[in-house]
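Report on the following structure.
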Amino acid sequence: MKIATFNINGVNGRLPVLLRWLEKASPDVACLQELKAPDERFPRREIEKAGYGAIWQGQKSWNGVAILAKGRDPLVTRRGLPGDVDDAQSRYLEAAIEGILVGCLYLPNGNPAPGPKFDYKLRWIQRLTTYAEELLELDIPVVLAGDYNIIPTDLDVYKPERWRRDALFRPEVREAFKALTEEGWVDALRTLHPDERLYTFWDYFRNAWGRDAGLRLDHFLLSPSVAHRLSAAGVDKPVRGWDKTSDHAPAWIELADAEG
DNA sequence: ATGTCCATCACGGATGGA
């Protein structure tokens with residue numbers, strides 16, 4: 001089973017890119033972030049025509065997440081991250097697909113830091129950490145996929161010094177990500193590619209793509225009960241070079257079939 | 001600070017968010 005995550009950066013504005021990528025990559029499951037569209041403007045028909053069932057949690061102008069499943073409808077298990085009933089931002093959606101709990105997340109960017117946006121990011125990370133602990137206790141296959149807006153280590157950024165004070169790379173943010181992995185969550189891409197420079201995002205500014213000035217922001221965290229099935233992982237880097245594309249490239253993992 | 005891109009509101013261009 002192939003699971004992908006793609007910060008599409010506007011699901012309607014970049015619908016041709018999404019459909020082209022779905023056709024080419026043919027993931028079984030696709031987690032999308034930054035729909036930037038309210039629920040009623042989610043392009044359900046076009047996505048269905050491409051062979052995918054979908055659930056989504058939209059929002060006008062910003063945020064918005066969706067989960068697509070090839071040839072089936074994802075079964076919603078949760079809308080919104082627990083821990084703050086007043087949080088109205090559409091950043092978390094979860095579904096059960098083929099015996100796997102798939103969480104699609106869009107973690108806050110948090111810039112400028114310090115400031116209220118960074119405080120919100122830290123609170124969101126805390127909520128995610130708490131919820132992730134609950135998920136681990138269930139001892140079931142869970143994949144938390146999405147745009148974490150976290151650069152985990154120096155290996156995940158073209159020029160670490162330039163990003164030290166940025167909300168994506170501040171120590172407390174990196175430490176929170178590291179803590180998740182120490183609790184048992186497996187960073188799929190880094191596990192299969194321990195020494196490789198892998199980026200999933202290139203800024204639109206300053207010819208970042210042309211210079212390969214990238215960041216690794218999009219991650220898969222796997223619960224132990226599914227991590228042993230991890231057989232491959234990568235980034236669909238060429239997508240970032242397409243016309244009218246997102247500033248993120250899709251990332252993907254391949255899971256072997258469950259035994260029994 | 002800058003750079004690019006897009007949606008928004010409201011119909012041209014500023015603004016916000018990333």
Side-chain angles (χ1 to χ4, degrees), chain A residues 5-21 31-44 46-47 56-66 81 87-93 104-125 128 145-152 156-170 172-174 176-177 199-219 235 237-251:
Chain A
T5 184
F6 189 9
N7 180 322
I8 191 66
N9 192 8
V11 73
N12 287 304
R14 305 193 198 281
L15 188 58
V17 169
L18 175 62
L19 296 175
R20 182 180 169 192
W21 168 70
C31 297
L32 305 180
Q33 302 85 33
E34 281 207 83
L35 303 179
K36 295 185 172 177
D39 282 338
E40 63 272 19
R41 290 192 53 200
F42 183 81
R44 179 180 60 87
E46 292 86 344
I47 285 170
W56 58 93
Q57 185 78 21
Q59 185 180 328
K60 193 171 80 174
S61 303
W62 300 301
N63 311 317
V65 285
L81 190 66
D87 186 357
Q89 301 190 24
S90 295
R91 295 181 175 277
Y92 188 83
L93 183 60
C104 172
L105 64 95
Y106 176 47
L107 205 143
N109 176 296
N111 276 305
K117 289 186 177 179
F118 190 61
D119 295 340
Y120 173 63
K121 178 177 195 166
L122 293 179
R123 285 200 309 277
W124 209 94
I125 290 174
L128 178 65
D147 178 1
Y148 282 69
N149 270 315
I150 296 175
I151 303 166
D156 302 308
V157 46
Y158 65 99
K159 195 177 180 186
E161 319 80 62
R162 227 202 142 288
W163 290 83
R164 295 265 179 234
R165 280 180 298 275
D166 192 278
L168 307 183
F169 200 44
R170 291 217 159 214
E172 53 268 62
V173 166
R174 279 185 281 130
F177 188 85
Y199 303 139
T200 65
F201 167 90
W202 295 259
D203 219 307
Y204 289 125
F205 306 159
R206 309 178 211 92
N207 189 32
W209 170 244
R211 296 183 295 123
D212 196 27
L215 312 172
R216 188 169 73 101
L217 303 180
D218 302 85
H219 310 299
V235 178
K237 192 172 172 182
V239 175
R240 181 59 181 81
W242 291 357
D243 194 35
K244 300 252 176 203
T245 201
S246 169
D247 42 5
H248 293 250

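In what follows, chains are A, B, ... by sequence order, proteins preceding strands, each numbered from 1. What you see is a predicted model; the values in this text were computed from it and never measured.
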Between dA7(B) (C1') and Leu15(A) (CG): distance, integer Å: 16 Å
With rounding to the nearest 0.5 Å, note down the distance linking CG in Leu217(A) to CH2 in Trp202(A). 10.0 Å
Between dA7(B) atom C1' and Lys244(A) atom NZ, what is the distance in whole Å? 13 Å
Scan Gly10(A) against the nucleic acid and name what it touches under 4.0 Å (heavy atoms): base, sugar-phosphate only, or nothing. nothing
Results of salt bridge (Lys or Arg N to Asp or Glu O under 4.0 Å) for Arg216(A) - residues two or more places apart only: Asp156(A), Asp187(A)
Pairwise C1' distance for dA7(B) and dG12(B), with rounding to whole Å: 15 Å
Rounded to whole angstrom, note down the C1' distance from dG13(B) over to dA1(B). 22 Å
For Asp212(A), which residues count as a salt bridge (Lys or Arg N to Asp or Glu O under 4.0 Å) partner, sequence neighbours excluded? Lys237(A)
Does the pair Asp87(A) and Tyr92(A) meet the rule for a side-chain hydrogen bond (donor to acceptor under 3.5 Å, both in side chains), with working shown? CA-CA 11 Å; Asp87(A) 186 357; Tyr92(A) 188 83; over 6 Å; no
Let me confirm one number: the CH2-CZ distance from Trp163(A) to Phe169(A), rounded to the nearest 0.5 Å. 10.5 Å
Would the distance check show the side chain of Gln33(A) and the main-chain N or O of Asn7(A) forming a donor-acceptor pair, the cut-off being under 3.5 Å? yes
Phosphate OP1/OP2 of dC5(B) contacted by Arg14(A) side-chain N/O (<4.0 Å): no
Can you confirm whether Arg44(A) is buried at CZ, in the sense that more than 12 heavy atoms of other residues, nucleotides or ligands lie under 6.0 Å from that atom? no
Can you tell me how far P of dT4(B) sits from CG of Asp243(A), to the nearest Å? 16 Å
For a quick check, with a 4.0 angstrom heavy-atom cut-off, what is the B/S/- contact string for nucleotides 9-18 of chain B, read 5' to 3'? S-------SB
Give me the distance, rounded to whole Å, that separates dA10(B) from dA14(B) when you measure between the P atoms they each carry. 16 Å
Run the ring-ring contact (aromatic ring centres under 6.0 Å, His included) test against Phe177(A) and tell me which residues pass, sequence neighbours left out. Tyr148(A), His219(A)
Looking at residues 157-168 of chain A, who's got a heavy atom less than 4.0 Å off DNA chain B? none
Can you name the ring-ring contact (aromatic ring centres under 6.0 Å, His included) partners of Trp62(A), sequence neighbours left out? none
